[in-house]
Novice: 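Below you'll find the structure I mean.
Every value quoted in this text rests on a predicted model; they were computed, and no experiment measured them.
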Amino acid sequence: MAISSIIAIYFLFFVMSAFIMLPFGIRTTEEVGAAKVAGQAESAPGNFRPGKLLIRATVIAIVLTSLFVLNFEYGWIGVDDINIWPDPPERNI
């Protein structure tokens with residue numbers, strides 16, 4: 001597999017895991033005990049930490065990309081393994 005393909009796959013896993021991890025660990029300003037700003041929504045996050053999110057997304061993307069590349073090289077799971085619709089029986093006409 002080419003290095004450019006691995007980088008593209010890593011980027012896709014990174015973005016996907018970052019979006020999935022966004023709501024975890026977030027508390028509203030009321031839960032944190034901070035003062036609200038005028039016009040602020042009640043559901044606005046009060047403790048958003050983008051650095052922590054990026055570290056988590058990076059680790060998850062590295063693990064998923066490694067598993068993907070290893071599966072590509074060694075062929076642990078193939079298309080036939082995930083086919084949920086078996087081939088229809090042959091008809092003798």
Novice: Say whether I26 and L22 are linked into one hydrophobic cluster, either directly or through other cluster members, by side-chain heavy-atom distances under 4.5 angstrom.
Specialist: yes
Novice: Show me the donor-acceptor pairs, under 3.5 Å and distance only, between side chains in residues 48-72 and residues at least two apart or in other chains.
Specialist:
from: T58; atom 1: OG1; to: L54; atom 2: O; distance (Å): 2.6
from: T65; atom 1: OG1; to: A61; atom 2: O; distance (Å): 2.7
from: S66; atom 1: OG; to: I62; atom 2: O; distance (Å): 2.7
from: N71; atom 1: OD1; to: W76; atom 2: N; distance (Å): 3.0
from: N71; atom 1: OD1; to: I77; atom 2: N; distance (Å): 2.8
from: N71; atom 1: ND2; to: I77; atom 2: O; distance (Å): 3.3

Novice: Hey, quick one: are L12 and Y10 part of the same hydrophobic cluster, counting side-chain heavy atoms closer than 4.5 Å, chains of contacts allowed?
Specialist: no
Novice: Less than 3.5 Å apart, which donor and acceptor atoms pair up between the side chains of residues 27-37 and the rest of the protein, not counting sequence neighbours?
Specialist:
from: T28; atom 1: OG1; to: E31; atom 2: N; distance (Å): 3.3
from: E31; atom 1: OE1; to: T28; atom 2: N; distance (Å): 3.1

Novice: Other than V79, which residues form its hydrophobic cluster under the rule that side-chain heavy atoms must be closer than 4.5 Å?
Specialist: none
Novice: Should I9 and Y74 be counted in the same cluster of Ile, Leu, Val, Met, Phe, Trp and Tyr side chains packed under 4.5 Å apart?
Specialist: no
Novice: Residues sharing I84's hydrophobic cluster, by side-chain heavy-atom contacts under 4.5 Å among ILVMFWY, directly or via others?
Specialist: W85
Novice: List for me each residue that meets side chain to side chain contact (heavy atoms under 4.5 Å, CB included) alongside A41, sequence neighbours excluded, and say none if there are none.
Specialist: S43
Novice: Taking side chain to side chain contact (heavy atoms under 4.5 Å, CB included) as the test, write out the residues that go with F11, two or more places apart.
Specialist: V15
